[in-house]
Amino acid sequence: MNRYLPFEFFISIRYLRAKRRQKGISLTTFISIAGVTVGVAALIATLAVMTGFKNELRDKILGINSHIVVDDRTREGLENVEPLIEVISQNQRVVAATPFIMRQVLLSSSAGAVGVILRGIDPKREAKVTKIAESLIQGKIEDLATSSMLMGVELSSRLSVGLGDTINVISPAGLENQAGIGSIGMTPKIRKFTIVGIFDSGMYEYDSALVYISIPEAQRFFNFEQHVSGIEVKVTDISAAAEIADEIEAVLGFPHQAKDWLKMNRSLFSALKLEKIVMFIILTLIILVASFNIVSTLTMTVLEKGREIAILKAMGASQKSIMRVFMIEGVMIGGVGVLMGLPLGLLICSLLVRFYKLPTDVYYISHLPVAILPFDLIVVSVSALLIAFFATLYPSWQAAKLDPAEALRYE
């Protein structure tokens, strides 16, 4: 044995070894270790799945939307945007920027009518900022030209239209400057567009309520002249998007404002974060239940080893030394549970990815997304060890206050 280790360490190991008359202690020790193992594994698998879903959702959102959106606080739109794009592009962490127009319109076909969000884009620059070009399952983004449109797969199914079909676009908002008021009142502005591409982003909200046309077409349709709604910006690091947005806003000045993707989806990602924290707290109860077994195991050990504890005290062992013996024993139980739970949790994650299939008509993905973060592994391990440590306090205190004379009286 290593002579540099404290004697409490070796006594703790000795107490963990069960003899014939101590099978009860051995069984409770095994149950304690198993409880910590299951708790750690369940925590790791759950946190990995929730992180995977969060990352999958983030990727879907950023596949259609940019990292940062720059617009006007007055809601009047931006004019002469090219100089603004040049200023934004001077930021070293900006990858690309492109203008866009966004308005609500009504689409109608022989199958019915539905309200959607219409986005006017620059096809060439849009492909550098978002992943809409990669989401196209029919057609190409380069085909977006005069009187043409890109449409989501769910929306095309709902309106019973496909590639090459024409559809009516109705815009009440675009009539304020052009449409007159006739004998029957204000007449909506209607134009026909040909569908040249269908995209599948994997998000029902986008695939069922979003269409794209070119910026010149949108400007003519909405009577925007040279105005646009804002500028989309892609950055090198999405985790630093908020900081970069502040830098852009400071450079452009009032009335311009820059909003990062997390700020624009704050409620959604805050809910996911809260759910992850709540699930962590709930599943930690499994480890807490296992800690009760640690308490009972150490309490039984104290009762079983009363004579040996008394002898140690008679030989000069302090109360702190006796407490350390049982604290080390409890932490060992928790440590073994953690060491067994970590690989078990990783194995469960691997099995979930390989064998668990999701119904694609509900989730739009065929596999369970799993993302294992080193930080989560550290938090779970430290939490389990802390719970195991606190579970040792009462039995250790009971052992430390044992009276040697009382324990040896009947020996």
Side-chain angles (χ1 to χ4, degrees), residues 64-65 69 71-72 74-79 81 98-123 126 130 132-133 135-201 203-232 264:
I64 295 297
N65 297 292
V69 171
D71 58 14
D72 193 314
T74 63
R75 305 293 182 183
E76 295 180 358
L78 300 177
E79 188 177 8
V81 294
T98 181
F100 73 95
I101 293 175
M102 185 165 65
R103 282 292 184 271
Q104 290 183 333
V105 297
L106 187 70
L107 299 187
S108 67
S109 69
S110 58
V114 61
V116 299
I117 300 295
L118 186 145
R119 290 177 68 98
I121 61 172
D122 180 341
E126 184 73 20
T130 66
I132 182 62
S135 302
L136 288 169
I137 55 176
Q138 295 184 42
K140 296 182 295 183
I141 194 170
E142 292 81 6
D143 297 333
L144 200 59
T146 305
S147 299
S148 60
M149 172 185 291
L150 304 179
M151 177 179 292
V153 62
E154 294 293 335
L155 184 59
S156 66
S157 175
R158 182 175 179 179
L159 294 175
S160 300
V161 293
L163 204 66
D165 293 338
T166 58
I167 193 166
N168 295 319
V169 178
I170 307 170
S171 174
L175 305 176
E176 298 173 0
N177 298 328
Q178 183 171 344
I181 300 178
S183 58
I184 59 173
M186 183 172 287
T187 306
K189 185 174 184 179
I190 303 175
R191 277 193 57 184
K192 291 184 179 293
F193 284 82
T194 303
I195 300 172
V196 296
I198 296 177
F199 63 87
D200 183 0
S201 68
M203 288 282 288
Y204 180 82
E205 290 78 5
Y206 297 142
D207 294 339
S208 62
L210 187 61
V211 295
Y212 291 88
I213 63 175
S214 66
I215 283 184
E217 284 293 299
Q219 288 174 332
R220 284 192 292 269
F221 187 60
F222 296 118
N223 303 314
F224 263 24
E225 297 180 353
Q226 298 301 316
H227 285 77
V228 297
S229 300
I231 301 171
E232 297 176 297
M264 291 184 288

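Keep in mind that what you see is a predicted model, and the values were worked out from it rather than measured.
- For the side chain to side chain contact (heavy atoms under 4.5 Å, CB included) test, residues two or more places apart in sequence or in another chain that qualify with Glu217 are Thr146, Ser147, Arg191, Phe193, Ile213, Ser214, Arg220.
- Between Val196 and Asp143, the shortest heavy-atom distance links the atoms CG2-O, 3.8 Å.
- Under the rule for a side-chain hydrogen bond (donor to acceptor under 3.5 Å, both in side chains), the partners of Asn168 that lie at least two apart in sequence or sit in another chain are Lys192.
- Every residue two or more places apart in sequence or in another chain that forms a side chain to side chain contact (heavy atoms under 4.5 Å, CB included) with Gln219 is listed here: Ile101, Ile215, Phe224, Val228.
- Under the 3.5 Å distance criterion, the side-chain polar atoms of Asp207 are matched with a main-chain donor or acceptor of Ser201.
- A search for salt bridge (charged side-chain N to carboxylate O under 4.0 Å, His left out) contacts involving Glu232 returns Arg119, not counting sequence neighbours.
- Among residues two or more places apart in sequence or in another chain, the side-chain hydrogen bond (donor to acceptor under 3.5 Å, both in side chains) test is passed with Thr130 by Glu126.
- The side-chain hydrogen bond (donor to acceptor under 3.5 Å, both in side chains) search around Thr98 returns none, not counting sequence neighbours.
- Across all their heavy atoms, Ile190 and Ile170 have their closest contact at CG1-CG1, 3.9 Å.
- Residue Ile141 comes nearest to Leu136 through the heavy atom pair N-CD1, 3.3 Å, listed as atom of the first residue, atom of the second, then distance.
- The side chain to side chain contact (heavy atoms under 4.5 Å, CB included) check on Ala145 picks up Ser148, with sequence neighbours excluded.
- For the salt bridge (charged side-chain N to carboxylate O under 4.0 Å, His left out) test, residues two or more places apart in sequence or in another chain that qualify with Asp122 are Arg125.
- Side-chain contact check for Ile117 versus Val211: every heavy-atom pair is 4.5 Å or farther apart.
- Side chains of Phe222 and Val105 form a contact here, defined as non-hydrogen atoms less than 4.5 Å apart.
- Counting all heavy atoms, side chain and backbone alike, Thr194 lies closest to Gly164 at CG2-O, 3.8 Å.
- The ring-ring contact (aromatic ring centres under 6.0 Å, His included) search around Tyr212 returns Phe199, not counting sequence neighbours.
- Taking all atoms of both residues into account, the shortest heavy-atom contact from Val116 to Leu210 is CB-N, 4.5 Å.
- Evaluation of the side chain to side chain contact (heavy atoms under 4.5 Å, CB included) rule for Val69 yields Ser66, Phe100, Met264 as partners, not counting sequence neighbours.
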